[in-house]
Amino acid sequence: MDERIKTTNIALHPEPPFNFEFTAYSHGWVLLLPNHWDKEAKTLRRIERLSGGKVVLLSISSNTSPENPRIIIEVRHHETLSKMERNEIMASVRHMFRLDEDFQKFYALCDQRGDRWTKLSQGLGRLLRSPSLFEDIVKTICTTNIQWGGTKRMIEEFVNAYGEKFSGDPVMRAFPTPEAIAKTTLNTFSKKVRMGYRTAYVHLLAKQFANEEMNPNVFFDPEISTPDLKKKLLEIKGIGNYAAATLLMLLGRYNELPTDTVFREFVSKKYFKGKKVSDKKALAIYKKWGQWKYLAYWYELWEMYNEQQKEKSSSTHK
DNA sequence: GTCCAGGTCGCGC
DNA sequence: GCGCGACATGGA
């Protein structure tokens, strides 16, 4: 290991209930570069390029104490880490794990429903997100009209082609900056990263972020109503109804559901004995959850996934 | 080879 | 406001 690499540890103190592993592994994002999930160490690693240009390696883990939960960020870096850089890293990780989001009302609703829903108030429901909105939009675009394997491949090519390296690691790279994509031509970009027709959307998005035509702060403004926010999301090329609902979830608004193939198949299976249903009927199932629809849906989807995994392992161990 | 994926766009009506 | 074909790419 390079001796010039320094290590700085930073601790965060989430409000309980908080469950680090459930949050890290809450949906597919943990499996997309530049995230690396170390199963044994229960650690999320990723290269991060700070706004000042410094590239660092973050190893994010937890003490897993329910009473006094703590997130530990091990930062590997060159030279000294300035206070500003420390603060930026803390803010990014708080953002990823949604430490500033309040789930009390949702948990109260779950406890009120009783039964298996009470499990959620032990700290489930936080869905991992990326440090930047740009990363979350690119990734969401890359989940449309493609299977999960395709999403992983596209993001992998994207990160490996344009992400910055940390000199202490030969392989890992940061998520590309909008500037890095904006300064390459669409033609070159489309040859380096095979995203199909999505290439033009991602290239345009990068240009809009780079020239500040798109301001991420607008999307995080608590004052903006959810319908207005959805309208803004739909203005982005490549974002339709499904992607807007996904992005609303990532932005902390849970009242829209992504009516895609997964949602339709799931609701049909769970509530309509596998028969086809209209989106309207399917959506009606979650109406009672009000502003928490996405979290309720996601929990049930996760439940079914776990049951299927159990069945699989029990049938192979016979 | 054919079909289609955690859809979206742009067109014509 | 709705229906419908086109869209890149690779895996099933």
Side-chain angles (χ1 to χ4, degrees), chain A residues 25-33 35 127-130 135-162 181 184-208 214 227 229-251 253-272 274 276-280 282-283 285-286 293-306 308-309 312:
Chain A
Y25 223 95
S26 50
H27 65 131
W29 260 211
V30 75
L31 302 171
L32 296 177
L33 292 186
N35 293 330
L127 298 170
L128 189 73
R129 57 185 176 181
S130 307
E135 181 175 336
D136 272 341
I137 300 178
V138 171
K139 286 180 170 173
T140 302
I141 288 175
C142 288
T143 61
T144 58
N145 199 25
I146 191 95
Q147 297 179 109
W148 181 243
T151 303
K152 285 204 286 193
R153 178 191 58 76
M154 290 191 289
I155 296 299
E156 186 184 332
E157 289 186 15
F158 183 68
V159 169
N160 287 336
Y162 292 99
I181 307 305
T184 178
T185 65
L186 176 58
N187 192 21
T188 311
F189 180 50
S190 63
K191 279 177 187 150
K192 283 207 175 185
V193 185
R194 292 164 301 154
M195 284 186 178
Y197 63 87
R198 301 167 197 80
T199 318
Y201 301 148
V202 172
H203 192 253
L204 174 64
L205 182 78
K207 284 197 289 185
Q208 289 170 326
M214 205 171 278
L229 188 54
K230 188 182 180 187
K231 222 180 280 172
K232 280 207 75 67
L233 290 168
L234 290 172
E235 284 169 13
I236 301 170
K237 285 276 168 280
I239 303 298
N241 234 330
Y242 150 77
T246 302
L247 281 162
L248 282 171
M249 172 279 280
L250 290 165
L251 291 165
R253 318 267 183 141
Y254 305 110
N255 42 344
E256 294 268 339
L257 288 168
T259 49
D260 58 5
T261 51
V262 172
F263 174 75
R264 293 189 188 104
E265 197 198 328
F266 167 76
V267 174
S268 148
K269 218 171 172 178
K270 182 161 182 77
Y271 292 101
F272 297 92
K276 263 193 183 174
V277 279
S278 66
D279 285 352
K280 205 178 163 187
L283 288 169
I285 298 282
Y286 290 97
K293 294 182 192 79
Y294 197 110
L295 296 185
Y297 159 58
W298 196 257
Y299 177 60
E300 294 204 305
L301 189 64
W302 178 81
E303 263 183 342
M304 185 181 274
Y305 174 79
N306 282 339
Q308 284 169 352
Q309 293 299 308
K312 252 191 212 168

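Throughout, protein chains are lettered first and strands after them, A, B, ... in sequence-line order, and every chain is numbered starting at 1.
- Distance check: A/Thr144 OG1 to A/Arg198 CZ gives 5.0 Å after rounding to the nearest 0.5 Å.
- More than 12 heavy atoms of other residues, nucleotides or ligands lie within 6.0 Å of NZ in A/Lys270, so this atom counts as buried by the packing criterion.
- Regarding A/Leu250, its CG atom lies at a distance of 13 Å from the C1' atom of B/dG6, rounded to whole Å.
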Can you tabulate the close N/O pairs, meaning under 3.5 Å, that link protein atoms to atoms of nucleotides 9-11 of chain C?
| unit_1 | atom_1 | unit_2 | atom_2 | d |
| --- | --- | --- | --- | --- |
| C/dG10 | OP1 | A/Arg194 | NH1 | 2.2 |

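- No side-chain heavy atom of A/Val193 sits under 4.5 Å from any side-chain heavy atom of A/Thr199.
- The residue A/Trp298 sits close to a base: some heavy atom pair falls under 4.0 Å.
- Among B/dG6, B/dG10, B/dT8, the nucleotide with an atom closest to any side-chain atom of A/Ala243 is B/dT8.
- Between the NZ atom of A/Lys139 and the P atom of B/dG6 there is a distance of 18 Å, rounded to whole Å.
- When the C1' atom is used for both B/dC3 and C/dC7, the distance is 15 Å, rounded to whole Å.
- Comment: A/Glu135 engages A/Lys139 in a salt bridge, judged by a side-chain N to carboxylate O separation of less than 4.0 angstrom.
- Looking at heavy-atom distances under 4.0 Å, A/Ile236 makes contact with sugar-phosphate atoms alone, never a base.
- Here A/Thr261 contributes atom OG1 and A/Tyr242 contributes atom OH; the two are 8.5 Å apart, rounded to the nearest 0.5 Å.
- The number of heavy-atom neighbours closer than 6.0 Å to CD of A/Glu303, taken from other residues, nucleotides and ligands shown, is above 12.
- Put simply, CG on A/Leu204 is 19 Å from P on C/dC7, counting in whole angstrom units.
- For the pair A/Glu300 CD and B/dG6 C1', the interatomic distance rounds to 18 Å; values are reported in whole Å.
- As rounded to whole Å, 15 Å separates atom P of B/dG6 from atom CD1 of A/Ile155.
- Taking atom P on both B/dG6 and C/dG5, the two are 22 Å apart, rounded to the nearest angstrom.
- Using atom P as the reference point in both C/dA8 and B/dC11, the two lie 15 Å apart (nearest Å).
- Between A/Glu157 and A/Arg153, at least one side-chain N (NZ, or NE/NH1/NH2) sits under 4.0 Å from a carboxylate O, which counts as a salt bridge.
- The CG-P distance, from A/Leu247 to B/dG7, rounds to 14 Å in whole Å.
- Distances were taken from every side-chain heavy atom of A/Thr261 (C-beta onward) to each of B/dT8, B/dG10, B/dA5; the shortest belongs to B/dA5.
- Looking at heavy-atom distances under 4.0 Å, A/Tyr305 makes no contact with the nucleic acid at all.
- A/Phe272 CZ: more than 12 foreign heavy atoms inside a 6.0 Å radius.
- Heavy atoms of A/Phe263 sit nowhere under 4.0 angstrom from any nucleic acid atom.
- Distance CZ (A/Phe189) to C1' (C/dA8): 13 Å, rounded to an integer number of Å.
- Side-chain atoms of A/Tyr297 and base atoms of B/dG6 include a donor and an acceptor less than 3.5 Å apart.
- For the pair A/Thr143 and A/Gly238, both in contact range of DNA chain B, the more 5′-proximal nearest nucleotide belongs to A/Thr143.
- Distance A/Trp148 CH2 to C/dA12 C1': 18 Å, rounded to the nearest Å.
- If you take atom C1' in B/dT8 and the same atom in B/dC4, they sit 15 Å apart, rounded to whole Å.
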